[in-house]
Number of protein chains: 2
Amino acid sequence: MISGKFAITIHILTLLSKFPDEYLSSEFIAGSMNLHPVLVRKEIANLKKNNIVESKEGKNGGTRLLKSASNISLDAIFKMTFDTVTLGFSKNEPNPDCPVGKQINKNLENLYENINEKISLQLSGISLEDFSNKF
Amino acid sequence: MISGKFAITIHILTLLSKFPDEYLSSEFIAGSMNLHPVLVRKEIANLKKNNIVESKEGKNGGTRLLKSASNISLDAIFKMTFDTVTLGFSKNEPNPDCPVGKQINKNLENLYENINEKISLQLSGISLEDFSNKF
DNA sequence: CATACTGTAATAAAATATATTACAAATTTA
DNA sequence: TAAATTTGTAATATATTTTATTACAGTATG
């Protein structure tokens, strides 16, 4: 299942990149995406864990980038918000007595691994700055 | 949200490719993946719509491939079971008064379009036969 | 010390995917 | 031709996952 983590995170970072010298509040950010501030703070917690942003608590607090947008690749964002892209697996423990059931998930996994490599390759060539410049 | 359509469909097709001259019942197929036969028939309905398989109703009925496994690409399966791969969108109508909110989904869409092209390119180089030979 | 933030856990609601039931229609074969 | 077996499909139920909300403790500012 695809959650909005990547989209939310890239949205947050794009906003932060537009105001690199200010602390933006989760409420302000949430207002741009019509989302609950708590969800924004949750993704910010993840960004902090990855040393992409820093936050300041208290009045006039908020969040800002720790690195320049040109030094943040979309692949880094992908990796910190997505496990992997998949097209799905056989979920109910496929029949181990069937040669296909027995191996299907391993073979799908190999297939998806290649897909993720391609995606990473592409995203690693795009910086947050590149993305942000489109706005 | 990722549904199991692709995985179920490729599983069905792999089984059919192993018995190209037989009509396999949805119950037999479901047994290999531990899934309800109705779900198998649903995906088979989709395969029929795309002229990949044919079914025979009634006793001793079932489903078989209409084309050789070497002529079915994983990309074709991808296209008939997946809308597109995405890393998510801003869902709640982002704020149109914010330059970022206003354009975020369009820009994400462009990004994902490139990803889907890469995935298609990769999958179009793999046939059902190639995949099936791994079992 | 009041105000305006972050941080985070707990819970609720909504959306989506998966499973089941039910039964009509078709085909085989005894 | 009747019983058995299978597909086709709609309707419904259950489970899972996402998303939203509530609540409140902790922290910095002025």
Side-chain angles (χ1 to χ4, degrees), chain A residues 1-9 11-12 15-16 19 22-50 52-66 81-83 86-94, chain B residues 1-9 11-12 15-16 19 22-50 52-66 81-83 86-94:
Chain A
M1 245 180 227
I2 284 181
S3 82
K5 282 169 75 71
F6 177 83
I8 293 170
T9 299
H11 197 146
I12 292 168
L15 285 169
L16 294 180
F19 305 92
E22 294 178 39
Y23 285 97
L24 302 186
S25 76
S26 62
E27 188 153 345
F28 172 82
I29 295 170
S32 167
M33 57 184 103
N34 231 317
L35 202 68
H36 204 282
V38 166
L39 298 179
V40 171
R41 296 207 284 271
K42 230 175 230 170
E43 296 316 319
I44 284 174
N46 186 35
L47 286 166
K48 282 168 60 182
K49 208 173 66 194
N50 286 280
I52 306 293
V53 304
E54 63 175 355
S55 296
K56 201 172 68 172
E57 295 187 27
K59 191 168 178 181
N60 297 329
T63 301
R64 70 175 182 186
L65 288 180
L66 265 180
T81 57
F82 237 87
D83 202 17
T86 86
L87 308 182
F89 290 99
S90 209
K91 304 192 178 159
N92 305 334
E93 299 264 349
Chain B
M1 240 177 230
I2 284 180
S3 82
K5 282 170 75 72
F6 177 83
I8 293 171
T9 299
H11 197 145
I12 292 169
L15 285 170
L16 294 180
F19 304 94
E22 294 178 39
Y23 286 96
L24 302 186
S25 76
S26 62
E27 188 153 344
F28 172 82
I29 295 170
S32 168
M33 56 184 104
N34 232 318
L35 201 69
H36 204 282
V38 166
L39 298 180
V40 171
R41 296 207 285 270
K42 231 174 229 169
E43 296 316 319
I44 285 174
N46 187 34
L47 286 166
K48 282 168 61 182
K49 207 173 65 191
N50 286 279
I52 306 294
V53 304
E54 64 175 354
S55 295
K56 201 171 69 171
E57 295 188 27
K59 192 167 180 179
N60 297 329
T63 301
R64 71 176 180 185
L65 288 179
L66 265 179
T81 57
F82 237 88
D83 201 17
T86 85
L87 308 181
F89 290 99
S90 209
K91 304 197 178 156
N92 304 335
E93 299 262 351

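First the proteins, then the strands, lettered A, B, ... as listed; each starts at 1. These figures come from a predicted structure and were not determined experimentally.
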K.L.:
When you measure from the side chain of Asn46(B) to the backbone of Lys42(B), do you find a donor-acceptor pair of N or O atoms at a distance under 3.5 Å?
P.N.:
no
K.L.:
Measure from CZ on Arg41(B) to P on dA24(C) and round the result to the nearest Å.
P.N.:
15 Å
K.L.:
Toward the 5' end of DNA chain C, which comes first, His36(B) or Glu57(A), by nearest nucleotide?
P.N.:
Glu57(A)
K.L.:
Between Asn60(B) and dT29(C), is there a side-chain N or O to OP1/OP2 distance below 4.0 Å?
P.N.:
yes
K.L.:
So does Ser25(B) get a side-chain nitrogen or oxygen closer than 4.0 Å to the phosphate oxygens (OP1/OP2) of dT6(D)?
P.N.:
no
K.L.:
Given dA19(C), dG30(D), dT6(C), identify the nucleotide with an atom nearest to the side chain of Ser55(A).
P.N.:
dT6(C)
K.L.:
Mind checking the CG-CD spacing from Asn34(A) to Glu93(B)? Nearest 0.5 Å is all I need.
P.N.:
8.0 Å
K.L.:
With a 4.0 Å cut-off on N to O distance, would you call Arg64(A) and Glu54(A) a salt bridge?
P.N.:
yes
K.L.:
Check every atom of dA11(D), dT6(C), dA10(C) against the side chain of Lys42(A) and return the nucleotide holding the closest atom.
P.N.:
dA10(C)
K.L.:
Which nucleotide in the list dT28(C), dA28(D), dT8(C) gets nearest to the side chain of Lys59(A)?
P.N.:
dA28(D)
K.L.:
If the cut-off is 4.0 Å, is Asn92(A) near the phosphate of dA19(C), judged by side-chain N/O to OP1 or OP2?
P.N.:
yes
K.L.:
From C-beta outward on Lys91(A), which listed nucleotide comes closest to its side chain: dA17(C), dT3(C), dT21(D)?
P.N.:
dA17(C)
K.L.:
Side chain of Val38(B): nearest nucleotide among dT20(C), dT21(D), dT29(C)?
P.N.:
dT20(C)
K.L.:
Can you tell me how far CG of Leu39(A) sits from CD1 of Ile12(A), rounded to the nearest 0.5 angstrom?
P.N.:
9.5 Å
K.L.:
May I ask you to say what Ser26(A) touches in the nucleic acid, namely base, sugar-phosphate or nothing, with a heavy-atom cut-off under 4.0 Å?
P.N.:
sugar-phosphate
